[in-house]
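Below: the structure, in structure tokens.
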Amino acid sequence: MDTPPDVLVASLKGLLKEKIDLLSNDFEKKYGSLPQFIARVPGRVNLIGEHIDYCGYAVFPMAIDQDILIAVKPREDQQLELSNLIPNTYEDYSCGLDNIEIDKGVPHWFKYCLCGVKGIIENSSKAKAELKGMDARIHGLIPPSAGLSSSSALVCATAVAFAHVNKLQFTKQQLADYCARSERYIGTEGGGMDQAIAMLATQGTAKLIEFNPLRAHDTKLPSEAVFVIAHSLAEINKAASSHFNCRVMECRLAAKVLAKLHGINPDSVTRLADVQFSLNKTLPEMASIAGLYLHDDPYSKEEVSKLLEMTESQLENKILSENTRNIDFFKLRQRALHVFQEANRVWKFRDICNSGSTTALQDLGQLMFDSHHSCRDLYECSHPQLDQLVEISRNHCLGARLTGAGWGGCMVALVAENEVESFINYLKENYYKNLPAALDRNLDQVVFATQPGSGAAIYTL
Ligand code: ADP
Ligand code: NG1
Ligand code: MG
């Protein structure tokens with residue numbers, strides 16, 4: 001069975017070993033003895049395909065070296081004792097397996113852990129009464145709220161750890177699926193990209209990930225391609241605002257309205273990919289259909305309700321999420337156009353990678369710039385600081401775009417191997433030097449080159 005690998009810590013060398021030793025010693029100080037094992041889950045950078053996973057479309061992420069580590073000792077009782085290597089920012093939390101409460105209010109850090117545990121309990125072959133708790137200490141090195149998926153790494157690491165404590169065997173696909181569902185308890189209606197790459201990543205290759213059913217295809221990037229990640233230093237917690245869910249709902253409404261206008265029962269579709277499937281059209285054809293059938297002006301709640309032949313209160317309660325019920329206007333045309341065009345860019349990106357073309361780097365870069373413009377103008381999920389980063393990078397790299405949900409966070413730029421150092425220095429001089437938020441930051445953790453890393457694993461002491 002394809003489960004997360006289990007590796008002996010003694011066989012490790014280098015940075016990972018150092019991080020594990022640091023955490024193990026810290027765990028011993030906190031809990032009185034060494035942990036039994038450490039679960040590691042990486043963050044990710046999405047190379048292209050933004051805000052389309054929840055519409056049912058394939059995405060193109062790779063795992064990064066930055067990760068969440070969770071040191072664990074099984075308990076005999078059903079307590080969960082959660083603590084963090086940075087206790088001042090993330091205070092200790094404990095609860096029993098019978099008392100897991102994840103309300104959609106403030107997204108406290110430990111709620112992401114509880115999502116992971118809950119996802120495993122719900123899919124466990126053992127009765128809840130038979131499950132054991134754990135002492136767990138977290139060491140996270142993925143910049144949080146930066147679009148590099150620290151949240152899902154935390155959910156997935158806790159899920160992998162809790163499953164291991166209880167000797168529950170799952171495939172990586174099952175774990176990815178359970179975690180994608182359970183992270184929604186925090187309130188974000190995500191699509192599954194982050195949990196999929198967290199579990200399925202393999203060293204040295206980016207993955208084209210398709211959904212329903214979940215499949216991950218290795219895709220070799222051109223050998224001279226290096227991806228540089230640069231944090232704009234504008235941060236946003238996705239679960240603490242309604243931006244993210246608002247986009248998910250706009251896409252859902254666009255799917256239902258397009259279905260209705262084509263004589264398809266809107267109840268039978270939730271994602272834009274469902275409409276494409278029913279109409280049996282290509283992605284460029286779907287973009288033309290969205291352009292023709294949907295209007296540019298925002299749709300009022302009243303107009304959408306009338307189109308879908310339901311009352312506004314039915315729309316609020318049956319379709320919208322808790323934190324989007326109060327939104328009065330929805331941009332359906334712009335969002336649907338972005339999704340169909342961005343989904344098409346993902347396939348083009350894959351084709352270019354496979355083509356071996358002499359202009360591959362330039363062509364991939366152009367797709368990345370196009371993607372950024374679409375995120376900025378049609379999807380409106382960028383941030384002025386991110387736009388500035390992309391603008392100043394324009395003539396110094398092959399392509400650049402925001403990565404992750406946006407509204408702040410990181411840019412990913414495609415750079416030829418021999419220009420990485422000069423590009424990073426250029427950003428330090430031209431973006432970070434005069435940015436107040438950068439003054440107290442270690443810039444090597446804020447702008448860095450990255451290579452495709454490996455997915456979730458267990459390290460036994
Ligand atoms: P991201 O793009 O990083 O996934 P999110 O807004 O989805 O951003 O999630 C960020 C949240 O994840 C943080 O506010 C925090 O609650 C949690 N988190 C991230 N890293 C850590 C960590 N090392 N320890 C505890 N919680 C963390
Ligand atoms: P980040 O930025 O890591 O929170 C979110 C979603 C993804 C995807 C991207 C946008 C979650 C857990 N993650 O990622 O599924 O929709 O935004 O492409 O909701
Ligand atoms: Mg997240």
Side-chain angles (χ1 to χ4, degrees), residues 19 23 41-61 64 66-70 82-93 102 106-116 136-158 176 179-198 209 211 229 231 234-241 243-245 247-248 251 271 321 338-339 342-343 346 371 374-375 379 381-382 386 401-410 412:
K19 287 191 285 190
L23 179 59
V41 173
R44 62 101 186 95
V45 55
N46 190 22
L47 303 180
I48 198 152
E50 223 59 84
H51 286 280
I52 59 171
D53 58 346
Y54 51 78
C55 298
Y57 288 116
V59 292
F60 211 112
I64 56 176
Q66 286 79 349
D67 48 18
I68 299 265
L69 301 175
I70 171 167
L82 304 172
S83 65
N84 206 293
L85 204 86
I86 319 175
N88 295 338
T89 313
Y90 306 112
E91 55 198 50
D92 292 6
Y93 182 80
I102 316 166
V106 181
H108 296 293
W109 76 275
F110 55 81
K111 290 187 188 168
Y112 295 92
C113 300
L114 298 183
C115 286
R137 195 152 177 84
I138 283 112
H139 182 22
L141 290 161
I142 307 167
S145 302
L148 301 179
S149 197
S150 67
S151 66
S152 304
L154 188 52
V155 173
C156 292
T158 319
C179 290
R181 289 168 198 275
S182 67
E183 189 168 341
R184 293 187 194 128
Y185 288 123
I186 205 102
T188 41
E189 301 281 332
M193 158 170 68
D194 303 349
Q195 302 82 358
I197 191 69
I209 295 186
F211 300 97
I229 295 174
H231 193 339
E235 285 170 5
I236 179 204
N237 178 297
K238 257 68 73 183
S241 79
H243 299 312
F244 182 82
N245 279 0
R247 293 297 176 274
V248 180
C251 290
R271 304 160 318 155
S321 69
H338 164 80
V339 169
E342 180 77 355
V346 171
S371 167
S374 182
C375 286
Y379 220 71
C381 64
S382 189
L386 266 173
R401 55 183 295 280
L402 67 81
T403 186
W407 295 286
C410 291
V412 56

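Whatever order the structure lists ligands and atoms in, that order sets their numbers, starting from 1.
Taking distance alone, with nitrogen or oxygen atoms compared against 3.5 Å, His108 stays at or beyond that limit from ligand 1. Geometrically, ligand 1 and Glu183 share no nitrogen or oxygen pair separated by less than 3.5 Å. The N/O atoms of His139, backbone and side chain alike, include none that comes under 3.5 Å of an N/O atom in ligand 1. Considering backbone and side-chain atoms together, Ser145 places an N or O closer than 3.5 Å to an N or O of ligand 1. Between Gly147 and ligand 1, at least one pair of N/O atoms sits closer than 3.5 Å.
Closest to atom 3 (O) of ligand 1 among all protein heavy atoms lies Ser150 OG, 2.6 Å. Among protein heavy atoms, atom 6 (O) of ligand 1 sits closest to Lys238 N, 2.9 Å. Closest protein heavy atom to atom 9 (O) of ligand 1: Ser151 CB, 3.2 Å.
In this structure the side chain of Ile68 reaches within 4.5 angstrom of the side chain of Ile138, judged on heavy atoms. With contacts defined as side-chain heavy-atom distances shorter than 4.5 Å, the pair Gln195/Val155 does not qualify. Between Leu82 and Trp109 there is a side-chain heavy-atom pair separated by less than 4.5 Å.
Lys111 contributes no side-chain N or O that, together with a main-chain N or O of Tyr185, makes up a donor-acceptor pair within less than 3.5 Å. Between the side chain of Asp194 and the backbone N or O of Ser149 there is no donor-acceptor pair closer than 3.5 Å. A donor-acceptor pair under 3.5 Å is formed between the side chain of Asn245 and the backbone N or O of Gly187. For His338 (side chain) and Ile52 (main-chain N/O), no donor-acceptor pair under 3.5 Å exists by modelled atom type.
If you look at Leu154 next to ligand 1, the close heavy atoms, those under 4.0 Å, all belong to the side chain.
Shown in contact with Gly140 at under 4.0 Å from a heavy atom are these atoms of ligand 1, numbered in order with element: 23 (N). In summary, the atoms of ligand 1 found under 4.0 Å from a heavy atom of Asn237, numbered by their order in the structure, are 6 (O), 10 (C), 11 (C), 13 (C), 14 (O). Close approach of ligand 1 to Asn84 (heavy-atom distance below 4.0 Å) involves ligand atoms 24 (N), 25 (C). Numbered from 1 in the order shown, with element, the atoms of ligand 1 that lie under 4.0 Å from a heavy atom of Leu148 read 2 (O).
Residues Gly147 and Arg44 share a closest heavy-atom pair of O-NH1, 2.6 Å. Here the closest heavy-atom approach between residue Glu183 and residue Thr188 is recorded as O-OG1, 4.1 Å. Among all heavy-atom pairs drawn from Ala146 and His231, the shortest one is CB-NE2, 3.4 Å. Across all non-hydrogen atoms, the minimal contact from Asn84 to Asp92 is N-OD1, 4.5 Å.
Protein residues having at least one heavy atom under 4.0 Å from any atom of ligand 2 are Arg44, Glu50, His51, Asp53, Tyr54, Gly147, Ser149, Ser152, Glu183, Gly190, Gly191, Gly192, Met193, Asp194, Gln195, Lys238, Phe244, Gly404, Ala405, listed by chain and number.
Of the candidates Phe244, Tyr90, Tyr112, it is Tyr90 that places a heavy atom closest to atom 21 (C) of ligand 1.
For Tyr112 and Tyr90, the ring centers are positioned 6.0 Å apart or more.
Note on Ser152: not counted as a metal contact of the Mg ion (ligand 3), no N/O/S atom lying under 2.8 Å.
The shell of residues lying under 4.0 angstrom from ligand 1, judged by heavy atoms, includes Ala146.
Residue Arg184 places its CZ atom among more than 12 non-hydrogen atoms of other residues, nucleotides or ligands, all under 6.0 Å distant.
Between His51 and Phe244, the two ring planes are tilted [angle within 30° to 60°].
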